[in-house]
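First the structure, in the form of structure tokens, and then the observations on it.
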Amino acid sequence: MLQVQFIRQNKALVLERLGVKQFKEPGIVDEVLALDDQRKKLTLEYDETQAKVNAASKEIGKLMASGDKAAAEARKQEVASLKQALGPIDEALRSTEKLLHDTLVKLPNLPGPNVPVGKTPEENVEVRGGGAKPSLAADAVPHWDLAKKYDLIDFELGNKITGSGFPVYKNKGARLQRALVSYFLDFNTANGYTEMLPPYVVNEASAYGTGQLPDKEGQMYFVNEDSLYLIPTAEVPVTNIYRDEILKESDLPVRMTAYTPCFRREAGSYGKDVRGLNRLHQFEKVEVVQLVRPDQSYTVLEEMVAHVERLIQSLGLPYRILNLCGGDMGFTSAQTYDFEVYSAAQDKWLEVSSVSNFESYQTNRMKIRYKDEQGKNQLVHSLNGSSLALPRIVACLLENNQTPGGILLPAVLHPYFGGDRIA
RNA sequence: GGUGAGGUGCCUGAGUGGCCGAAAGGAACGGUUUGCUAAACCGUCGUACGGGUAACACUGUACCGAGGGUUCGAAUCCCUCCCUCACCGCCA
């Protein structure tokens, strides 16, 4: 969430940036400021009264020790009436703090300086791209047909075991998953990311920390018995590794990568682009996360984009990078680049990575700070990106590389896959 | 799942009603010393929210797992919950 102090000092900027994000309730900004004023006023009142209570209590102790019982009793009376006054103040303060917090979390992150203005995905700006679209034979087929032809993925079997959106990978299809995960992790660690293997379920505090709660609980599977959420992305457990920590400046940047399965309910998206691997309830993804000094986060964002770009290039897939416009960005992001790869047989661009700078929006919730040169605690900036999500990569690899002699895999995968093709 | 013990600052660990935001040691950081390293010595060494200041200084409140309660006063007593450890059971 945003910092109240920042909103107070930069109100005009906040309103202007919220406009870029197409935020519809700018009145919340004034609500926040009014509630914060109220909070300060009540805090002062509470502290001053409590200070009197504390002082009187100390005196009572001394009076008792010196045997002056009558004086002690008189002071006790005084404390009693002070405490009576304190009750309502305390109550008002608590409810104000809660209301302030509940109001504050309704404000999305502010778009950064390089975010294009726009409302819809059509207004996203293509930054660059690469890789030539393949020219497929006339009888080329989409990946779900190829998956069947080579016995790689069984969607119906997943229906039987679990439900739609939970495919079963088989044979070379399963092997390809393993190869891709290993390759992606090796690629990331070779570039300075530390490999992590986090839990696949998280508690409420973690889901809150990265911004899945309070708004998006409907997108996560929930284990009622233990009040735990299945992770929708490794971002959640990995970023929360540093929740409530104060880092040394020399600890930064923190760079982590993790493979996890991802679970998404995808409520409300039935029937829309859900064919084959395009949209699943469970899928594999390798994620990269960084915690950095605030002045470096936009430089790091570009580095992470370049990193993911090299990874996609190494797979030989046609891709493009989009700088998301204000209206299409996520709630918690300050800037996001989406990576799409071209799925030739479907003639579609599929999103395979999303690289975002969250500035201090997540870390303010998680209280991830570092001690700066002056010894003051400052929020770090958090960033993350997929590197990469598997299913759509697989769809493209299958579709784009289909030949009469089988599906030809990119050279970087040969050692991991144990072969150069699926035939 | 059962039984027992316990949760204190970066770590170890004292503290069982006021003198405790918290001893001591270690780590870390700064400095002195040193040819360098080590050692030794000196110093610093929690967080949040307020008041205050140009900024410091200074100052108030809260926090000893979480939430309640008793009391003039709680790290310390009581209740509930959570977690950790040990042993037993079960099990990949």
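Computed from a prediction, not measured in an experiment: that's the story for all the values here. Below, read A as the first sequence line, B as the second, and so on, with proteins coming before strands; counting in each chain starts at 1.
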> Say you draw a straight line from NE2 of A:His143 to CD1 of A:Ile407; how long is it, rounded to the nearest 0.5 Å?
Replying inline: 11.0 Å
> Counting side-chain heavy atoms from C-beta on, which of B:rC72, B:rU61, B:rG50 comes nearest to A:Gln50?
Replying inline: B:rU61
> Are A:Tyr193 and A:His307 close enough, and set up right, to give a ring-ring contact (aromatic ring centres under 6.0 Å, His included), and what steps lead you there?
Replying inline: CA-CA 11 Å; A:Tyr193 292 91; A:His307 173 81; 5.2 Å; yes
Phosphate contact ([N] OP1 or OP2) by [X] side-chain N/O below 4.0 Å:
X	N	answer
A:Asn54	B:rG73	no
A:Lys83	B:rG73	yes
A:Arg369	B:rU47	no

> With sugar-phosphate meaning primed atoms plus P, OP1 and OP2, does A:Lys371 contact a base, only sugar-phosphate, or nothing at under 4.0 Å between heavy atoms?
Replying inline: sugar-phosphate
> So what's B:rG43 paired with, Watson-Crick or G-U wobble, going by both distances under 3.5 Å?
Replying inline: B:rC29
>> Using Watson-Crick or G-U wobble geometry with both distances under 3.5 Å, which nucleotide pairs with B:rC87?
In response: B:rG2
>> Could you report the tightest heavy-atom contact between A:Thr43 and A:Leu93, atom names first, then the distance?
In response: OG1-CD1, 3.5 Å
>> Taking B:rC11 as the reference, what is the distance to B:rA66 when you measure between their C1' atoms (whole Å, please)?
In response: 23 Å
> C1' atom, B:rC45 versus B:rA22: distance in rounded Å?
Replying inline: 15 Å
